[in-house]
*Asks:* 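Let me begin by handing over the structure; questions about it come next.
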Number of protein chains: 2
Amino acid sequence: MRADAQRNLNAILTAARESFAAGGLEVGVADIAKRAGVGTATVFRRFATKDDLICAVCEQSVAEMAERVAAAEAADDPWEGLRECMRAAIEMQVTDRGLCEALSRGIEAYPAVREAHDALVARLAVLVRRAQEEGHLRADLEPIDLPIVLNAVARAGAELEPIAPGAWRRYFQMLLDALRPGAPPLEVPAPTREQVDAAFAGEQGAR
Amino acid sequence: MRADAQRNLNAILTAARESFAAGGLEVGVADIAKRAGVGTATVFRRFATKDDLICAVCEQSVAEMAERVAAAEAADDPWEGLRECMRAAIEMQVTDRGLCEALSRGIEAYPAVREAHDALVARLAVLVRRAQEEGHLRADLEPIDLPIVLNAVARAGAELEPIAPGAWRRYFQMLLDALRPGAPPLEVPAPTREQVDAAFAGEQGAR
DNA sequence: CGCTAACCGGATCGCCCAGTCCGGTTCGTG
DNA sequence: CACGAACCGGACTGGGCGATCCGGTTAGCG
């Protein structure tokens with residue numbers, strides 16, 4: 001790989017990240033190319049499809065989240081670590097429209113992102129179980145619930161952000177209240193792995 | 001207005017409602033026209049713009065919600081009525097992708113819808129205050145919070161619906177837990193009318 | 001029944017955007 | 001320094017969709 005090609009690749013990834021963060025996933029490839037200082041053909045040379053580019057950017061963000069989870073696992077106070085993780089996950093999505101939108105599609109996303117996300121949930125599960133044992137989290141919360149509710153809060157927050165900056169913290173606090181132990185048990189089971197897998201297999205290639 | 005014109009108008013509204021409900025707001029006008037059994041020109045003769053059509057359909061749905069709120073106000077047990085209202089609001093959005101998407105844009109929607117929505121929130125406020133006085137609802141909940149959190153739950157539920165039907169009830173139950181009294185007070189204020197108005201004035205005509 | 005104004009609908013326009021093509025440019029090696 | 005392979009980028013294509021145009025049709029009044 002020639003040096004200029006590598007440079008362009010980095011520029012494209014950075015530009016895409018910034019563009020998606022600011023304008024959501026519907027920003028045009030031409031805009032991204034312009035921001036990166038290259039032509040559209042150069043973008044498509046590295047990423048056969050716009051979706052591939054989205055995927056690459058998302059993987060970075062999900063990896064970043066995974067790092068935060070790992071840090072929480074090692075923290076002195078794991079419950080505090082988990083809370084901070086959740087807060088960071090929402091904040092990341094609120095300040096990155098593209099990530100927020102991508103995670104909304106979440107379930108049906110690309111294999112690579114999906115894999116990274118699964119790994120992240122698996123790590124989360126450890127923290128969740130520990131928090132439940134220590135009585136910080138309601139016992140009927142499943143790890144799979146977390147990405148769902150965090151994305152829900154983030155989406156509401158993201159829309160509010162331009163008109164009421166920081167309002168997402170209000171709804172994050174409500175979310176924490178919902179997760180506290182002591183409430184009557186949930187009457188509906190969480191989505192299962194099988195359901196998610198079936199949906200994924202079914203709509204491979206949609207959109 | 002000629003009889004056939006009236007008939008077509010009804011057909012268009014019905015078709016639009018069904019199409020938007022099933023496929024979201026991004027379904028093409030051509031699809032709607034075909035379902036209504038008319039040409040696209042006929043659609044645009046009644047609704048100058050696709051947005052106008054969306055607006056008309058939404059108004060109907062919001063009016064329907066308002067009726068439910070009115071019913072709750074008159075119910076024997078107002079708290080039970082409010083709960084049922086919230087449940088119905090989520091269910092309506094989960095089973096109507098178009099409505100769900102339209103309410104997500106909510107704040108910046110069209111004047112007519114916005115007006116109907118404001119009226120609905122004003123009515124809700126009565127129920128909220130009463131529920132708070134009776135100790136069913138946390139005291140720091142503002143009426144404006146309700147459409148926000150209800151839409152958030154509905155959106156998550158709508159995405160889950162095809163793969164885990166009814167899963168939204170799980171998150172609705174969590175929401176109710178978050179709204180219960182007894183939690184430490186919220187540290188961030190709710191969005192204000194002024195913020196909403198400013199945003200609305202600012203981006204009139206966007207999209 | 002006949003006539004006209006109202007109405008209809010498919011073909012068409014203009015625009016946007018993902019993705020492709022090809023003539024020109026640059027890297028980096030010998 | 002020279003040369004070829006790798007790389008570049010802007011012009012172009014194709015398809016989709018909102019919106020418009022216009023020749024044909026129909027309602028419903030007199």
*Asks:* Figure out the CG/P separation between A/Asp31 and C/dC16, and round it to whole Å.
*Replies:*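 Going from A/Asp31 (CG) to C/dC16 (P), I get 12 Å.
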*Asks:* To the side chain of B/Arg46, which of C/dG28, C/dC8, D/dC21 is closest?
*Replies:*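 Nearest nucleotide to the side chain: C/dC8.
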*Asks:* On DNA chain D, compare the nucleotides closest to B/Lys50 and B/Ala3; which residue's is nearer the 5' end?
*Replies:*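 In this pair, the answer is B/Lys50.
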*Asks:* Less than 4.0 angstrom between a side-chain N/O of A/Asn8 and OP1 or OP2 of D/dC7, yes or no?
*Replies:*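 Negative; the distance criterion is not met.
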*Asks:* Taking atom types as they are modelled, would you say the side chain of B/Arg45 forms a donor-acceptor pair with the base of C/dG9 within the 3.5 Å cutoff?
*Replies:*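 Yes, the side chain and the base share a sub-3.5 Å donor-acceptor pair.
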*Asks:* Whole angstrom is fine here: how far is it from CD1 in B/Ile54 over to P in D/dC17?
*Replies:*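 It is 14 Å, rounded to the nearest whole Å.
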*Asks:* Starting from P on D/dG18, measure out to CD on B/Glu26 and report it in whole angstrom.
*Replies:*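 Spelled out: CD on B/Glu26 to P on D/dG18 is 10 Å.
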*Asks:* Between C/dA18, C/dG9, D/dG10, spot the one nearest the side chain of A/Val29, thanks.
*Replies:*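 The nucleotide sitting nearest to the side chain is C/dA18.
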*Asks:* Rounded to the nearest angstrom, tell me the gap between atom CZ in A/Phe44 and atom P in C/dC17.
*Replies:*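 The answer, rounded to whole Å, is 12 Å.
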*Asks:* Between atom CD1 in B/Ile32 and atom C1' in D/dG18, what is the gap in whole Å?
*Replies:*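 Distance check: B/Ile32 CD1 to D/dG18 C1' gives 12 Å.
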*Asks:* For B/Lys34 and C/dG9, what is the distance between atoms NZ and C1' respectively, to the nearest whole Å?
*Replies:*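 Rounding to the nearest Å, NZ of B/Lys34 and C1' of C/dG9 are 13 Å apart.
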*Asks:* Should A/Asp177 and A/Arg180 count as an ion pair when the cut-off is N to O under 4.0 Å?
*Replies:*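 Salt bridge flag = yes for A/Arg180 with A/Asp177.
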*Asks:* For the pair A/Glu101 and A/Arg97, find out whether any cationic side-chain nitrogen is under 4.0 Å from an anionic carboxylate oxygen.
*Replies:*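 Salt bridge present between A/Glu101 and A/Arg97.
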*Asks:* Can you establish whether the number of heavy atoms outside A/Glu115 located under 6.0 Å from its atom CD is more than 12?
*Replies:*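 No, because the 6.0 Å sphere around CD of A/Glu115 holds 12 heavy atoms or fewer from other groups.
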*Asks:* Between P on C/dC8 and CZ on B/Arg7, what's the gap in Å once rounded to a whole number?
*Replies:*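 Nearest whole value for this atom pair: 9 Å.
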*Asks:* Ignoring the backbone of B/Val38, work out which of C/dG9, C/dC7, C/dC21 is nearest its side chain.
*Replies:*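 Output: C/dG9.
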*Asks:* Check every atom of D/dA27, C/dG28, C/dG9 against the side chain of B/Thr42 and return the nucleotide holding the closest atom.
*Replies:*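 Of D/dA27, C/dG28, C/dG9, C/dG9 is nearest to the side chain of B/Thr42.
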*Asks:* Using atom types as modelled and distance alone, determine if a side-chain donor or acceptor of B/Gln173 lies under 3.5 Å from a backbone N or O of A/Pro185.
*Replies:*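 Indeed, once roles are kept as given, a pair shorter than 3.5 Å links the two residues.
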*Asks:* Report the residue (B/Arg2 or B/Ala41) whose heavy-atom-nearest nucleotide on DNA chain D is the more 5′ of the two.
*Replies:*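 Closer to the 5' end of DNA chain D: B/Ala41.
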*Asks:* Quickly work out the B/Leu9 CG to C/dA6 P distance and round it to whole Å.
*Replies:*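 Taking atom P of C/dA6 as the reference, CG of B/Leu9 is at 18 Å.
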*Asks:* Using a cut-off of strictly less than 4.0 Å, decide whether A/Thr49 has a side-chain nitrogen or oxygen near OP1 or OP2 of C/dA18.
*Replies:*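 Indeed not, no polar side-chain atom of A/Thr49 lies that close.
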*Asks:* If you count the non-hydrogen atoms of other residues, nucleotides and ligands that lie under 6.0 Å from CZ in A/Arg123, is the total more than 12?
*Replies:*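 Count not over threshold, so no.
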*Asks:* Among D/dT26, D/dA19, D/dG9, which nucleotide has an atom closest to any side-chain atom of B/Thr40?
*Replies:*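 Of the options given, the side chain of B/Thr40 lies nearest D/dA19.
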